[in-house]
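Remember, predicted model here, so these are calculated numbers, not experimental data. Throughout, a chain's letter reflects where its sequence line sits, starting with A, and its residues are numbered from 1. Just so it is clear, the values below take in all heavy atoms, side chains as well, and ignore hydrogens, waters and symmetry mates.
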Protein chains: 2
Amino acid sequence: MATARWLTEDEQQTWRAFVRMTHTVMGSLDRQLQRDAGLPHGYYVLLVKLSEAPDRSIRMTELAETLSWSQSRMSHAVDRLVKDGHVVRMPCPTDRRGSFAILTDAGFDTLQRAAPGHVDEVRRTMFDNLTPTEQRQLRRIAERIAGAAER
Amino acid sequence: MATARWLTEDEQQTWRAFVRMTHTVMGSLDRQLQRDAGLPHGYYVLLVKLSEAPDRSIRMTELAETLSWSQSRMSHAVDRLVKDGHVVRMPCPTDRRGSFAILTDAGFDTLQRAAPGHVDEVRRTMFDNLTPTEQRQLRRIAERIAGAAER
DNA sequence: GATCAGTAGTTGAACTCTCAAGTACGCCGG
DNA sequence: CCGGCGTACTTGAGAGTTCAACTACTGATC
């Protein structure tokens, strides 16, 4: 790569602002969810995915793929959620290697209690600071960048 | 908060794209730096800050404030960087409670070796996917959102 | 100069995430 | 029906982060 294509002053500023943005937004969110529901953001998303699935249950591997998590991470996370009573595991009847994670009623309750505060926090940190135009721009940019990484 | 202001479908999509973007970008960056320099992204930034400071040294508290880190996190991080020989601590002569973190030559070398790959990764995941217009838009949005959180 | 709230930093435990193995099962080709 | 390769997890150790003490010092007050 010889002498790398260095960042221009403007790119530098953009990059640092981007990093600050992600840390402030994700940090606020994590703290809010931890405080109000005792869950990190990732675990909240996990529960949301389960709540949206038929029978509130998803195979571990599929869940891991959906969230772009490693199987190991998923296994540890479900361990914790089982301990808390938010989730139960069920062996897969057709493939004895596999198992399902199933959202319990208690888990669903936690989700419902956490959701309003979560939405407020998302609004407060993001949408309240964006004009409709900026929101469209951000969506387009985010989809482009996230999409590019998926190849 | 009564019945919360729910997210519209469009906001929902924007939000999920945003989360995907931050995870893919920050994830790639962390993996790249971990692989090539044995450092998480935060530690890289820490070393960069030190390298930009007069005498390559900064008071612990000031460093923590600059990075929006807790003092505890800073203390643990510097522990690790000292073990690796990237940083040394020096007691503050005028305030015996305080101490400086100082970037060593070895730390500076690590930084210089890591920088080109890091810049490439930033380009690859971000700037290569943005038109100049989008880059301006992103900078403005990021500064706005990051700025709003600072009050 | 004794007191005492505040500041600077460290420490240890609990938690999450990653990475490398390990276990158990499914699915083949021979 | 039996190796052997791939899949679906699980496990354990190591590293980073947070949170709640805790130590040591400063600066202001009386």
Provide, to the nearest angstrom, the distance between the [atom1] atom belonging to [X] and the [atom2] atom belonging to [N].
X       : N      : atom1 : atom2 : value
A:Arg31 : C:dT16 : CZ    : C1'   : 16 Å
B:Leu67 : D:dT17 : CG    : P     : 11 Å
A:Asp30 : D:dT17 : CG    : P     : 13 Å
A:Gln34 : D:dT18 : CD    : C1'   : 9 Å
B:Lys83 : C:dT10 : NZ    : C1'   : 13 Å
B:Arg35 : C:dC19 : CZ    : C1'   : 15 Å
A:Tyr44 : C:dC15 : OH    : C1'   : 21 Å
A:Leu81 : C:dC15 : CG    : P     : 13 Å

Problem set entry | B:Leu7 side, atom CG; A:Met126 side, atom CE - distance, nearest 0.5 Å | 10.0 Å
Exercise. If every non-hydrogen atom of A:Ala114 is compared with every non-hydrogen atom of A:Leu33, which pair is closest and at what distance?
Worked result: CB-CD2, 4.3 Å
Exercise. Do you know the tightest heavy-atom contact between A:Leu46 and A:Ala77?
Worked result: CD1-CB, 4.2 Å
Problem set entry | Backbone of A:Arg124 reached by a side-chain donor or acceptor of A:Asn129 within 3.5 Å | yes
Exercise. Would you call A:Arg139 and B:Asp10 a salt bridge, taking side-chain N to carboxylate O under 4.0 Å as the test?
Worked result: yes
Exercise. Hey, does the side chain of B:Arg80 come within less than 4.0 Å of D:dA15's phosphate (OP1/OP2), counting only N and O?
Worked result: no
For this session: Would you mind building the protein contact string for nucleotides 4-12 of chain D? One character per nucleotide, 5' to 3', B for base within reach (heavy atoms under 4.0 Å), S for sugar-phosphate only, - for untouched.
Result: --BBSBBBB
Problem set entry | B:Arg56 charged N/C atom sitting above B:Phe108 aromatic ring, 6.0 Å / 45° | yes
